Amino acid sequence: MMDGYTRCCGLIGCPVEHTLSPVIHNFLAGEKKENLVYVPFHVSEGLVGDAVKGAYALNILGCNVTVPYKSEVLPYLKELDPLAARIGAVNTLVRTEGGFKGYNTDMPGLYRAMLEDAVAIRDEQVIILGAGGVARAVAFLMVEKGASRVVILNRTVQKAHMIAEEVNSFCGRKIAEAKPLTQYHELEGNGRFLTIQATSVGMYPYEDSVVMEEEAFYNLVHTGYDLIFNPSCTRFMRLTMEHGGRAFNGAKMLLYQGIIAYELWTGKKIEQDLAEVTFQKMLAAM
Ligand code: ATR
């Protein structure tokens, strides 16, 4: 029941029509008996600054931010959480005195998902496929959580080099390296890798595509973690499993980025039981 006290949260993006976030947040609000609604806000190109200002004026409690505004939103925030500043992308805005504070819950969300899936990072050698904004954030998460080696493979190798340099200068030693996708065979003879698929290749409706076509690559993969959640089993995941690896999709990352955002907005902790039920609701809505 909405009344005069109902608080509003929402999603700023373009497009927002296929989002699962309303399912997550409205379900959590119902279960936690929080007088809160969550709605999608389709924000057209060039209007993200107006959207943030307007959201503040409307007393909106918080927002998620999605494609293509995760970086574009930065100048319109009053404050930035240090992790979001380092990643250079924000997916959650939290109302504070005088403006919104920006956070990134995608990476903590991925970390929580990997913990739950029993995917270790510490002392692991890691391959990251892709060198966009998401891959960059993943590279920082991997070194922060103790990966022993991070190899960034990308079609455009210069972009992978830029991330590797940034990561190495952050760590003060050479943990990260870059290679073109085609040179993966240089990694042979070094054991198997945790491999994170951080490109959009293979996402619905292009589920027949995969960023790495060469089957021999998958002999290098002991665990394939695809950040794509639709389809639930990507071609990358299938190829990983066909070569004896474990494979996971990005659905739990989506769940936990939402749960962490909800905790930031309401100050309430979401218990593990409730997280699991919310996950089932989310899957049913896919
Ligand atoms: P995001 O910020 O969401 O990570 P992005 O910056 O568009 O998105 O990055 C997409 C990644 O997917 C890039 O690494 C891109 O490779 P390039 O740097 O060479 O462009 C990769 N990518 C997208 N389409 C691809 C394709 N068909 N084959 C190989 N890599 C692809």
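For ligands, and for the atoms within them, numbers begin at 1 and follow the listed sequence. These numbers come from a predicted model, not from an experiment.
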Exercise. Return a yes/no value: protein heavy atom under 4.0 Å from atom 10 (C) of ligand 1?
Key: no

Quiz item: With sequence neighbours left out, which residue pairs that include part of residues 151-174 fulfil the side chain to side chain donor-acceptor pair (under 3.5 Å) condition?
Solution: Arg136-Glu166

Practice problem: Find out whether the Lys NZ or Arg CZ of Lys268 is both under 6.0 angstrom from the six-membered ring centre of Tyr262 and within 45° of the ring's axis. | Solution: no

Quiz item: What residue and heavy atom of the protein are closest to atom 3 (O) of ligand 1, and at what distance?
Solution: Val134 CG2, 3.5 Å

Self-check item: Thr156 contact mode with ligand 1 (heavy-atom cut-off under 4.0 Å)
Solution: both

Exercise. For Gly130, counting its heavy atoms only, list the atoms of ligand 1 lying under 4.0 Å from any of them.
Key: 14 (O)

Quiz item: Which residue and non-hydrogen atom of the protein lie closest to atom 5 (P) of ligand 1, and at what distance in Å?
Solution: Gly132 CA, 4.0 Å

Self-check item: Top protein contact for atom 1 (P) of ligand 1, by heavy-atom distance
Solution: Gly133 N, 3.6 Å

Self-check item: Any N or O of Ala131 closer than 3.5 Å to N or O of ligand 1
Solution: yes

Quiz item: Should the proximity of Val211 to ligand 1, defined as any heavy atom under 4.0 Å, be assigned to the side chain, the backbone, both, or neither?
Solution: side chain

Quiz item: Is there at least one protein heavy-atom neighbour under 4.0 Å from atom 7 (O) of ligand 1?
Solution: no

Exercise. Identify, for atom 15 (C) of ligand 1, the protein heavy atom at the shortest distance, and state residue, atom and that distance.
Key: Asn154 OD1, 4.0 Å

Quiz item: Which atoms of ligand 1 sit under 4.0 Å from any heavy atom of Thr199?
Solution: 12 (O), 21 (C)

Practice problem: Identify, by atom number and element, the atoms of ligand 1 in contact range of Lys159, meaning under 4.0 Å from any of its heavy atoms. | Solution: 17 (P), 18 (O), 20 (O)

Quiz item: Would you call Phe193 and Leu187 a side-chain contact if the rule is heavy atoms closer than 4.5 Å?
Solution: yes

Self-check item: Whether over 12 other heavy atoms sit under 6.0 Å from Glu45 CD
Solution: no

Exercise. Name the option, out of Val67, Val201, Leu227, that contains the heavy atom nearest to atom 24 (N) of ligand 1.
Key: Val201

Quiz prompt | side chain to side chain donor-acceptor pair (under 3.5 Å) contacts in which one or both residues fall within residues 275-286, not counting sequence neighbours | solution = Gln272-Glu276

Practice problem: Fit a plane to each ring of Phe100 and Tyr56, take the angle between them on a 0 to 90° scale, and name the class: parallel (under 30°), tilted (30 to 60°) or perpendicular (over 60°). | Solution: perpendicular

Quiz item: Would you call the rings of Phe217 and Tyr184 parallel, tilted or perpendicular if under 30° counts as parallel and over 60° as perpendicular?
Solution: perpendicular

Quiz item: Do Met107 and Gln257 come within less than 4.5 Å of each other through their side chains, counting heavy atoms only?
Solution: no

Practice problem: Classify the ring geometry between Phe170 and Phe140 as parallel (under 30°), tilted (30 to 60°) or perpendicular (over 60°). | Solution: perpendicular

Quiz item: Which residue owns the protein heavy atom closest to atom 28 (N) of ligand 1, what's the atom, and how far is it?
Solution: Arg155 NH1, 3.5 Å

